[in-house]
Novice: 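Mind looking over this structure? Questions follow.
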Amino acid sequence: MSRTRPNLLAFAFGLLASIFSSAAAPIDTNALPAPAVLTAEQDHKKMMELLGITSLRPGANPNNTNAPNAVNYDESKANPYPALPDPLFLKNGEKVTTAEMWWKQRRPEIVEDFDREIYGRVPKETPEVNWEIIETTHGTNGDVPFITKKLLGHVDNSSYPPITVVIQMTVSTPANATRPVPLMMEFGFGALPGARGTNAPGATNRFAAFFAAMNAWQGQVLAKGWGYAIVVPNSIQADNGAGLTRGIIGLVNKGQPRKADDWGSLRAWAWGASRALDYLETDKAVDAKQVGIEGLSRYGKAALVTMAYDQRFAIGFIGSSGEGGAKLHRRNFGELVENLTGTGEYHWMAGNFIKYGGPLQWKDLPVDAHELIALCAPRPMFISYGASEGPGAEGKWLDQKGSFMATVAAGPVYRLLEKKDLGTETFPPVETALIDGDLAWRQHKGGHTTGPNWPTFLEFASRYIKTDAHP
């Protein structure tokens with residue numbers, strides 16, 4: 001036995017060395033397929049062929065009131081499918097009566113439906129992200145000095161070197177803070193090379209004013225002793241169908257087109273926000289248990305998806321998210337499901353979502369927006385819109401009332417988890433703040449922005465987010 005043991009050990013070590021040597025061997029990039037190059041129209045057509053769909057219904061047309069598909073703004077025609085899926089009934093018909101049933105049975109059912117049919121599945125394994133601080137600067141906002149770190153999140157592309165993904169983010173915290181601070185994360189443009197902003201070459205006064213107004217919230221956050229982060233979504237995944245074979249979606253698919261239930265850009269942006277939160281959990285200046293997420297328009301959709309899927313985020317501020325966000329899919333008002341299933345916006349969603357623009361109907365969707373909001377429970381959520389009518393209004397396209405109805409319909413889940421809903425089912429006048437519960441709502445008169453709602457949001461959020469929460 002003593003003579004054979006060294007030989008066995010040598011064999012074992014040799015085998016292990018061979019395995020590790022093989023694992024460490026560089027990938028032959030010449031043997032890898034090149035990333036597919038497709039226009040959005042070509043990729044969309046391939047997905048329709050994969051789904052066996054030959055035609056789609058047109059989306060709502062906001063520009064021609066005489067068109068057969070003219071947008072509807074008539075409330076009497078707005079609710080052809082008034083019966084919404086009940087978030088508190090299991091698929092087998094059993095009533096959800098306890099928090100345990102919600103967490104262990106019903107919530108996973110809803111998540112599966114959103115994964116498969118609406119936003120797509122994130123792969124079981126995604127690449128790691130290595131964060132690098134590339135610059136640290138000091139500034140002053142009002143009377144508050146702050147420190148800003150510019151970061152790059154290098155996504156491991158060793159499995160497919162032809163595609164490189166680098167997430168852009170800035171993190172700003174009060175310079176005089178003596179303990180980790182709460183932080184609001186926004187999907188935005190950031191302040192990294194190539195990002196749009198007031199100092200961009202050729203920027204007009206109009207754009208300078210726009211960005212100044214858009215960034216005013218940062219001073220309000222700093223004044224409360226909080227920090228803020230800006231994550232640049234397009235550095236995670238392009239906002240078009242032609243980019244689906246690149247970005248993080250293209251990287252995990254090795255440059256090839258999606259399967260029908262693969263994730264779309266909204267879910268990819270949410271994944272990127274979660275990776276940003278991974279970094280914040282290592283940043284000693286930040287109280288990572290008190291990080292909120294905010295976004296406007298398509299990024300409002302992404303912020304809502306982020307809250308629904310990553311329970312580490314403490315609070316959500318969802319701005320003007322419309323169809324694909326807080327608006328009910330079953331509403332015939334403003335932007336419709338069909339607008340999202342066409343070539344311009346389908347990339348936000350899973351390929352399977354296209355089915356509901358033809359041949360399936362909205363009523364065939366297994367879930368609706370109220371259940372996306374319900375997935376955020378029991379954490380506080382503030383749903384924000386501009387006014388639909390009046391000077392400088394946001395307009396009706398986003399369907400403010402349809403999003404209010406979805407927020408109301410999410411209330412039973414909040415109540416089940418011993419939280420407060422909106423407190424009313426009556427659509428409130430503009431600039432009426434509903435902030436007494438854990439679900440909150442307000443329309444402002446400032447147009448397509450979250451800006452005028454930041455003070456109300458911060459009043460609401462201060463019930464939950466505390467600068468002295470952790471020593």
Side-chain angles (χ1 to χ4, degrees), residues 85 87 102-129 153 155 167 169 184-187 229 231 233 236-237 247-249 252 258 261-281 288-295 298-319 321 324-327 329 340 347-353 365-383 406-407 410 413-414 417 438-439:
W102 167 255
W103 290 110
K104 291 186 177 181
Q105 296 177 264
R106 183 57 179 147
R107 192 180 192 279
E109 287 183 344
I110 295 173
V111 168
E112 167 60 21
D113 285 337
F114 276 112
D115 279 353
R116 186 185 63 252
E117 302 296 318
I118 313 294
Y119 299 110
R121 302 184 192 280
V122 173
K124 292 181 179 179
E125 294 185 8
T126 56
E128 293 186 359
V129 179
V155 181
I167 305 173
M169 177 170 69
M184 285 300 299
M185 181 189 298
E186 180 184 69
F187 286 112
V231 177
I236 304 163
Q237 183 64 43
I248 185 59
I249 295 174
V252 297
R258 298 184 298 168
D261 63 347
D262 279 351
W263 48 341
S265 293
L266 291 177
R267 194 73 174 85
W269 295 338
W271 173 88
S274 292
R275 302 294 71 76
L277 183 53
D278 291 345
Y279 163 77
L280 294 175
E281 290 179 332
K289 293 187 181 301
Q290 296 197 100
V291 173
I293 185 76
E294 181 264 346
R298 64 197 62 194
Y299 302 147
K301 305 181 205 294
L304 179 51
V305 172
T306 302
M307 275 291 289
Y309 277 93
D310 192 335
Q311 296 177 58
R312 295 177 299 166
F313 283 93
I315 193 169
F317 184 13
I318 312 305
S321 59
K327 174 191 183 295
H329 295 301
L340 267 61
H347 61 277
W348 292 341
M349 322 297 279
N352 274 330
F353 188 74
L365 283 158
V367 285
D368 214 314
H370 64 300
E371 290 167 297
L372 184 67
I373 299 171
L375 292 181
C376 303
R379 293 160 295 156
M381 288 286 291
F382 187 105
I383 308 298
T407 309
V413 175
Y414 273 77
L417 301 181
D438 299 288
L439 286 169

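Just so you know, these numbers come straight off a predicted model, no measurement behind them.
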Novice: Walk me through whether Y414 and T407 qualify under side chain to side chain contact (heavy atoms under 4.5 Å, CB included).
Specialist: CA-CA 10 Å; Y414 273 77; T407 309; over 6 Å; no
Novice: Applying salt bridge (Lys or Arg N to Asp or Glu O under 4.0 Å), name anything that partners K104, two or more places apart in sequence or on another chain.
Specialist: E100
Novice: About how many Å separate OG1 of T306 and OH of Y299, when rounded to the nearest 0.5 Å?
Specialist: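 Separation between the atoms: 12.5 Å.
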Novice: Can you tell me how far CE of M349 sits from CZ of R267, rounded to the nearest 0.5 angstrom?
Specialist: 12.5 Å
Novice: When you compare the side chain of W263 with that of I248, does any pair of heavy atoms fall below 4.5 Å?
Specialist: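 Touching, per the 4.5 Å side-chain cut-off.
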Novice: Is any side-chain heavy atom of H370 less than 4.5 Å from a side-chain heavy atom of H329?
Specialist: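 With C-beta onward as the side chain, the pair stays apart.
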Novice: With rounding to the nearest 0.5 Å, note down the distance linking CG in D261 to CG in D115.
Specialist: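 One finds 8.5 Å between CG of D261 and CG of D115.
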Novice: Would you call V122 and Y309 a side-chain contact if the rule is heavy atoms closer than 4.5 Å?
Specialist: no
Novice: Decide whether a cation-pi geometry holds between R379 and F313; the criteria are a distance under 6.0 Å from NZ or CZ to the six-membered ring centre and an angle within 45° of the ring axis.
Specialist: no
Novice: Closer than 4.0 angstrom, basic N to acidic O: yes or no for R275 and D310?
Specialist: no
Novice: From L277 CG over to R312 CZ, what is the distance, rounded to the nearest 0.5 angstrom?
Specialist: 4.0 Å
Novice: Can you list the steps and then say if E117 with E112 is a side chain to side chain contact (heavy atoms under 4.5 Å, CB included)?
Specialist: CA-CA 8 Å; E117 302 296 318; E112 167 60 21; over 6 Å; no
Novice: Show, in sequence, the C-alpha distance, side-chain angles and deciding distance for L365 and I118, and conclude whether the side chain to side chain contact (heavy atoms under 4.5 Å, CB included) test is met.
Specialist: CA-CA 9 Å; L365 283 158; I118 313 294; 3.4 Å; yes
Novice: So does E128 have more than 12 non-hydrogen atoms from other groups sitting under 6.0 Å from CD?
Specialist: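 Not buried by this count: 12 neighbours or fewer within 6.0 Å.
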Novice: Answer yes or no: is there an ion pair linking R107 with E371, defined by an N-O contact shorter than 4.0 Å?
Specialist: no
Novice: Looking only at heavy atoms, which two atoms of W348 and L340 are closest? And how far apart?
Specialist: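 So the minimum-distance heavy-atom pair works out to CE3-CG, 4.1 Å.
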Novice: For residues L304 and C376, determine if any side-chain heavy atom of one lies less than 4.5 Å from a side-chain heavy atom of the other.
Specialist: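 Contact flag for L304/C376 side chains = yes.
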Novice: As an exercise, state the distance from CD1 of I315 to CD of E294, rounded to the nearest 0.5 Å.
Specialist: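 Separation between the atoms: 11.5 Å.
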Novice: Are the side chains of I249 and W271 in contact, using a 4.5 Å heavy-atom criterion?
Specialist: no
Novice: What I'd like to find out is whether the side chain of I167 reaches to under 4.5 Å of the side chain of V155, using heavy atoms alone.
Specialist: yes
Novice: Is the shortest side-chain heavy-atom distance between V111 and L375 below 4.5 Å?
Specialist: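 Of all side-chain heavy-atom pairs linking L375 with V111, at least one is under 4.5 Å.
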Novice: Would you check if V231 and I236 make a side-chain contact, meaning some heavy-atom pair closer than 4.5 Å?
Specialist: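 V231 vs I236: side chains touch.
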Novice: Can you tell me how far apart CZ (F114) and CG (D368) are? Round to the nearest 0.5 Å.
Specialist: 7.5 Å
Novice: List in chain and number order the residues that pass side-chain hydrogen bond (donor to acceptor under 3.5 Å, both in side chains) with Q237, two or more places apart in sequence or in another chain; answer none if no residue qualifies.
Specialist: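 Q237 satisfies side-chain hydrogen bond (donor to acceptor under 3.5 Å, both in side chains) with no residue once adjacent residues are dropped.
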Novice: Yes or no on side chain to side chain contact (heavy atoms under 4.5 Å, CB included) for L439 and I373, after CA distance, side-chain angles and deciding distance?
Specialist: CA-CA 9 Å; L439 286 169; I373 299 171; 4.0 Å; yes
